There are 2 protein chains.
Amino acid sequence: MAKGAAGFVATLEDDIATGRLLPGARLDEVSLASRFGVSRTPVREALQQLSAQGLVEIRPYRGAIVSSPDPRKLMEMFEVMAELEAMCGRLAARRLTPEHETNIRQNLSACAQAAEIGDPDSYYFENERFHRAIYAASANAFLEEQALTLHKRLSPFRRLQLRVRNRLGVSQREHEAIVSAIVAGDSKAAARELRQHVIVQGERFADLIASLELQSRQTA
Amino acid sequence: MAKGAAGFVATLEDDIATGRLLPGARLDEVSLASRFGVSRTPVREALQQLSAQGLVEIRPYRGAIVSSPDPRKLMEMFEVMAELEAMCGRLAARRLTPEHETNIRQNLSACAQAAEIGDPDSYYFENERFHRAIYAASANAFLEEQALTLHKRLSPFRRLQLRVRNRLGVSQREHEAIVSAIVAGDSKAAARELRQHVIVQGERFADLIASLELQSRQTA
DNA sequence: CTCGTAAATATTGTATACAATCTTGTTGAC
DNA sequence: GTCAACAAGATTGTATACAATATTTACGAG
């Protein structure tokens with residue numbers, strides 16, 4: 001556990017991103033305090049930060065829960081994510097350095113391996129690194145930071161998405177097209193491919209959520 | 001003053017956006033506490049939120065200051081802002097409703113009036129409302145929120161830019177082109193015009209640096 | 001048995017007390 | 001007079017105590 005109050009912000013972020021804390025899960029202050037071995041004060045400050053970041057929702061006098069955006073908001077978030085990634089791709093295509101190219105290619109082949117094996121968990125992991133490599137290649141540290149933040153926020157949902165049949169293979173082919181465009185310096189194509197790559201995820205996921213809601217309504 | 005700890009978050013945001021609190025200004029916890037008539041605890045929580053939002057920088061054991069990004073980061077932020085606004089324009093052109101069109105047109109003429117008088121302060125105010133109208137017209141609440149957040153963060157610097165000679169007139173002509181494109185449903189043109197309107201490059205970059213130096217002299 | 005009401009309990013929000021760290025001012029050597 | 005070391009003061013970080021609100025449980029009327 002890292003030092004200071006800021007330390008467990010990262011820990012909680014990770015718990016949410018990896019699904020150890022599911023959307024809607026309650027975040028009890030005293031439980032968290034005892035878990036981290038501190039008092040409620042620093043825990044509350046961490047929750048405030050997560051709240052400002054949108055990862056957590058604080059309802060006055062009613063406690064904090066992991067944010068669970070409705071399908072509509074989720075679509076909107078994916079729409080913005082798509083645009084941020086498109087922007088990263090556009091800039092990367094224009095500003096690509098040999099170091100970033102190497103980095104992207106390495107992550108691409110790591111993804112390829114995971115896709116071949118067909119393991120969603122390791123693909124999820126490598127996929128994340130691949131996208132991060134593109135953010136970094138934009139040579140815009142602020143954009144990179146914004147993209148990472150939103151990516152984290154969407155992580156819990158992206159994760160489920162990859163379990164859909166055949167998604168790994170399709171995703172990997174899209175990755176290859178993206179890298180081709182970036183390396184060729186074709187900023188328009190890079191932007192277009194990345195936008196599509198992300199948007200599709202959003203659409204598929206909104207469908208998934210909608211069907212889940214329908215199901216639960218039928219059950220209840 | 002609004003209720004709860006969240007209340008003075010908005011107050012402080014406003015103080016920073018309007019320049020009552022300049023970049024680099026120190027945010028003393030006890031001063032703020034007595035100003036708002038509360039103890040340090042809720043003040044600290046507010047500062048955490050502002051920190052997560054990027055408006056404030058908290059240095060361990062050394063207090064919080066209003067963020068003052070260096071010129072490079074500022075450029076990067078404007079680059080992202082340009083893309084977000086371009087996206088708003090693109091979506092607005094596709095999804096424009098009569099209500100949003102009316103709203104945008106009203107704000108456009110309010111800007112026109114302020115530009116004619118040549119008052120930077122009232123133009124600043126109306127300009128903000130104009131841009132907000134476009135964010136809203138995107139019909140993507142999450143995008144709107146993101147754009148507003150970044151806009152707030154850039155406010156202290158946008159303000160300076162408007163003091164440059166002739167900027168008001170140029171800005172207003174750009175506004176007209178933007179509205180034309182949106183109303184015509186030309187999403188590509190709307191995106192392009194907004195991107196150009198917001199991005200800082202060429203001589204505007206030099207202007208920005210110059211005004212930054214002026215501002216930092218005030219703080220010190 | 002069901003529903004509404006109210007007391008009991010639990011949880012969050014705020015204030016205060018104390019500990020840890022930084023900043024400032026003083027003292028003294030050179 | 002300048003600089004370093006140290007002490008005094010100020011400020012932030014954390015823990016605890018108390019207040020305000022929400023949730024749960026118990027009870028009684030119908």
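Because the structure is a prediction, the values reported are computed rather than measured. Labels below follow one simple rule: chain letters A, B, ... track the order of the sequence lines, proteins then strands, and each chain is numbered from 1.
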Next item on the list: Return the set of residues passing salt bridge (charged side-chain N to carboxylate O under 4.0 Å, His left out) with B/Glu144 (not counting sequence neighbours), or none when no residue passes.
Entry: none

Report all interatomic pairs (protein N or O, nucleotide N or O of nucleotides 17-19 of chain C) with separations under 3.5 Å.
none

Checklist line | Side-chain N or O of A/Arg59 closer than 4.0 Å to phosphate OP1/OP2 of D/dT23 | finding: no

Note to self: Without decimals, in angstroms, what is the distance between B/Phe8 CZ and C/dG13 P?
What the structure shows: 12 Å

Note to self: Going by the rule side-chain contact (heavy atoms from CB on, under 4.5 Å), which residues pair with B/Arg159 if we only count those two or more places apart in sequence or in a different chain?
What the structure shows: B/Asp121, B/Tyr124

Item checked: Qualifying residues under salt bridge (charged side-chain N to carboxylate O under 4.0 Å, His left out), relative to B/Glu101, sequence neighbours excluded -> B/Arg105

Margin query: What is the distance, to the nearest angstrom, from the CD atom on A/Glu45 to the P atom on C/dG13?
Written below: 13 Å

Notebook entry, point to check: In terms of the angle between their ring planes, are A/His175 and A/Tyr123 parallel, tilted or perpendicular, with boundaries placed at 30° and 60°?
Noted result: parallel

Next item on the list: Starting at atom CG of B/Leu32, determine the distance to atom C1' of C/dT14, rounded to an integer number of angstrom.
Entry: 16 Å

Check: Taking only side-chain nitrogens and oxygens of B/Thr41, does any of them come within less than 4.0 Å of OP1 or OP2 of C/dT14?
Finding: no

Next item on the list: Give me the bend of the helix from C/dC1-D/dG30 to C/dC30-D/dG1, using the axes of the five pairs at each end, rounded to 10°.
Entry: 0°

Notebook entry, point to check: Of all the nucleotides listed (C/dT11, D/dT12, C/dA15), which has the minimum atom distance to the side chain of A/Arg26?
Noted result: C/dT11

Note to self: Restricting to side-chain contact (heavy atoms from CB on, under 4.5 Å), what partner residues turn up for A/Tyr61, sequence neighbours left out?
What the structure shows: none

Notebook entry, point to check: By side-chain hydrogen bond (donor to acceptor under 3.5 Å, both in side chains), which residues pair with A/Thr41, not counting sequence neighbours?
Noted result: none

Item checked: Partners passing salt bridge (charged side-chain N to carboxylate O under 4.0 Å, His left out) against A/Arg62 (at least two apart in sequence or in another chain) -> none

Notebook entry, point to check: Taking the side chain of A/Ile58 as its heavy atoms from C-beta onward, which of D/dA15, C/dG13, C/dT11 lies nearest to it?
Noted result: C/dG13

Margin query: Applying salt bridge (charged side-chain N to carboxylate O under 4.0 Å, His left out), can you list everything that pairs with A/Glu29, at least two apart in sequence or on another chain?
Written below: A/Arg40, A/Arg44

Checklist line | Length of the line joining A/Arg62:CZ and D/dT24:P, which is rounded to integer Å | finding: 10 Å

Checklist line | Interatomic distance where CG belongs to B/Leu27 and C1' belongs to D/dT11 [whole Å] | finding: 14 Å

Item checked: Atom pair distance, as rounded to whole Å: CD in A/Gln48 and P in C/dT14 -> 9 Å

Margin query: Distance check, rounded to the nearest 0.5 Å: B/Gln196 atom CD versus B/Glu174 atom CD?
Written below: 8.0 Å

Check: At under 4.0 Å, does any side-chain N or O of B/Arg44 touch on OP1 or OP2 of D/dG13?
Finding: yes

Next item on the list: Would you mind reading off the distance between B/Leu47 atom CG and C/dT14 atom P, rounded to a whole angstrom?
Entry: 14 Å

